[in-house]
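Hydrogens, waters and symmetry mates are skipped; everything else that's a heavy atom, side chains included, is used. What you see is a predicted model; the values in this text were computed from it and never measured. The first residue in the sequence is number 1, and the count goes up from there.
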Amino acid sequence: MCRRSRFVHRVAVLGGIALAVFGTPALPVHAAAPSRNGKYSLVRYAVDKTGSSVAAGQAEPTFSADYVFVTSCSPGECVATATDGPTPKNPTLPQPSHYTWDRTRWVEHFDFQWDCYMGEGVPKVWSPARSWAFYTPQSDGSLRGTWHTDISSGPCRGSVEMPVAAFAARAG
């Protein structure tokens with residue numbers, strides 16, 4: 001067997017092993033989707049939010065919750081789905097969450113109704129909003145990124161942005 005044929009054969013064998021172990025075809029290193037299977041603690045650093053909406057200036061603590069993710073891949077696309085986790089207080093948020101691998105990070109886009117806080121005892125004002133969030137894998141195994149929302153109308157009209165992170169949750 002010539003040198004090139006042995007190389008092609010080895011790549012094919014390694015690709016088959018990768019498929020058997022990870023369930024996805026072997027891709028070039030720069031394009032490979034990292035696994036996002038298992039339990040992750042998602043942290044939203046709301047205390048650090050910024051933006052043009054009055055909601056960006058409203059006091060809110062950092063909050064986190066654990067979610068179980070399952071990743072499925074088809075040729076050309078990998079999607080990580082949150083299969084378990086707390087139900088959001090805002091019923092218009094899509095459930096479950098789906099994050100698509102864009103070759104460098106996990107990204108989610110969704111439309112919902114922003115529930116604008118108007119003060120203690122005052123009904124919230126609901127307005128159309130569009131969000132995107134991304135989580136980029138870090139060398140320490142965590143994922144870090146941003147959650148951005150554009151609120152299209154109402155008293156909270158404008159943008160809100162906050163840092164986010166995901167950490168593999170500890171077993172037990």
*Asks:* Look at the side chain of Gln138 and the backbone N and O of Thr136, then say whether any donor-acceptor pair between them is shorter than 3.5 Å.
*Replies:*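 It does hold such a pair.
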
*Asks:* Do Trp114 and Phe110 land in one hydrophobic cluster if side-chain heavy atoms of ILVMFWY residues count as linked below 4.5 Å?
*Replies:*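 Result: yes, single cluster for both.
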
*Asks:* Where does the angle between the aromatic ring planes of Phe134 and Trp132 fall among parallel (under 30°), tilted (30 to 60°) and perpendicular (over 60°)?
*Replies:* parallel

*Asks:* Working to the nearest 0.5 angstrom, can you tell me the gap between Met162 CE and Glu60 CD?
*Replies:* 5.5 Å

*Asks:* Before giving the answer on side-chain contact (heavy atoms from CB on, under 4.5 Å), spell out for Gln95 and Thr87 the whole-Å C-alpha distance, their side-chain angles and the decisive distance to 0.1 Å.
*Replies:* CA-CA 8 Å; Gln95 289 295 301; Thr87 302; 5.7 Å; no

*Asks:* Within this structure, what is the CG-CZ distance for the pair Leu143 and Arg105, rounded to the nearest 0.5 Å?
*Replies:*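 Answer rounded to 0.5 Å: 12.5 Å.
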
*Asks:* Looking only at heavy atoms, which two atoms of Thr92 and Gln113 are closest? And how far apart?
*Replies:*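 Scanning both residues, the minimum pair turns out to be OG1-N, 3.0 Å.
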
*Asks:* Can you check side-chain contact (heavy atoms from CB on, under 4.5 Å) on Leu42 and Phe69, steps first, answer last?
*Replies:* CA-CA 11 Å; Leu42 272 58; Phe69 284 88; 3.7 Å; yes

*Asks:* Would you give the length of the straight line joining atom CH2 of Trp101 to atom SG of Cys73, rounded to the nearest 0.5 angstrom?
*Replies:* 10.5 Å

*Asks:* Measuring centre to centre across the rings, with the benzene-like ring taken for any Trp, is Tyr40 within less than 6.0 Å of Phe167?
*Replies:*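 No; Phe167 has its ring centre 6.0 Å or more from that of Tyr40.
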
*Asks:* Please report the closest heavy-atom contact between Ala56 and Gly51, naming both atoms and the distance.
*Replies:*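 Answer, listing the atom of Ala56 first, then Gly51: CB-N, 3.6 Å.
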
*Asks:* Under the 3.5 angstrom rule, does the side chain of Ser159 hit a backbone N or O of Ser52 as a donor-acceptor pair?
*Replies:* yes

*Asks:* Do Ser153 side-chain atoms and Ser127 backbone N/O form a donor-acceptor pair below 3.5 Å?
*Replies:*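 Pair absent, no side-chain N/O of Ser153 close to backbone of Ser127.
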
*Asks:* The test is salt bridge (Lys or Arg N to Asp or Glu O under 4.0 Å); show your working for Glu161 and Lys49 and say whether it passes.
*Replies:* CA-CA 5 Å; Glu161 195 165 281; Lys49 63 187 173 178; over 6 Å; no

*Asks:* For residues Val164 and Val68: do they belong to one hydrophobic cluster (side chain heavy atoms under 4.5 Å, members Ile, Leu, Val, Met, Phe, Trp, Tyr)?
*Replies:*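 Hydrophobic grouping puts Val164 apart from Val68.
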
*Asks:* What is the minimum heavy-atom distance between Val125 and Met118, and which atoms define it?
*Replies:* CG2-CG, 3.8 Å

*Asks:* Phe112 and Val160: same hydrophobic cluster, using ILVMFWY side-chain contacts below 4.5 Å?
*Replies:* yes

*Asks:* So is Arg44 actually on top of Phe63's ring, under 6.0 Å and inside 45° of the axis?
*Replies:*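 No, Arg44 does not lie over the aromatic ring of Phe63.
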
*Asks:* So, do Cys78 and Trp106 sit near enough that their side-chain heavy atoms are less than 4.5 Å apart?
*Replies:* yes

*Asks:* Can you tell me if Thr81 uses its side chain to pair, donor with acceptor, with the backbone of Thr83 under 3.5 Å?
*Replies:*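 Flag not set: sc Thr81 to bb Thr83 has no pair under 3.5 Å.
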
*Asks:* Indicate yes or no for a side-chain donor-acceptor contact from Gln58 to the backbone of Tyr117 under 3.5 Å, with no hydrogens or angles considered.
*Replies:*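 Yes, the answer is positive, given that a donor and an acceptor are paired below the 3.5 Å cut-off.
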
*Asks:* Using only atom types and a distance under 3.5 Å, with no angle test, would you say the side chain of Thr62 pairs donor to acceptor with the backbone of Tyr45?
*Replies:* no

*Asks:* Quiz question: by atom type and distance under 3.5 Å, do the side chains of Asp102 and Thr100 form a donor-acceptor pair?
*Replies:*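 No pair is found: no donor N or O on one side chain lies under 3.5 Å from an acceptor on the other.
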
*Asks:* For atom CZ of Arg157, decide whether the heavy atoms of other residues, nucleotides or ligands shown that lie under 6.0 angstrom number more than 12.
*Replies:* no

*Asks:* If Ile, Leu, Val, Met, Phe, Trp and Tyr residues are connected whenever their side-chain heavy atoms lie under 4.5 Å apart, and connections chain through other members, are Trp126 and Leu93 in the same group?
*Replies:*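 No, no single cluster joins them.
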
*Asks:* Run through Asp150, Asp111, Thr149 and flag the one making a side chain to side chain donor-acceptor pair (under 3.5 Å) with Arg130.
*Replies:* Asp111

*Asks:* Dump the intermediate steps for side-chain contact (heavy atoms from CB on, under 4.5 Å) on Val79 and His98, then the final yes or no.
*Replies:* CA-CA 6 Å; Val79 176; His98 300 281; 4.0 Å; yes

*Asks:* Do Lys124 and Cys116 have side chains that approach each other closer than 4.5 Å (heavy atoms only, starting at C-beta)?
*Replies:* no

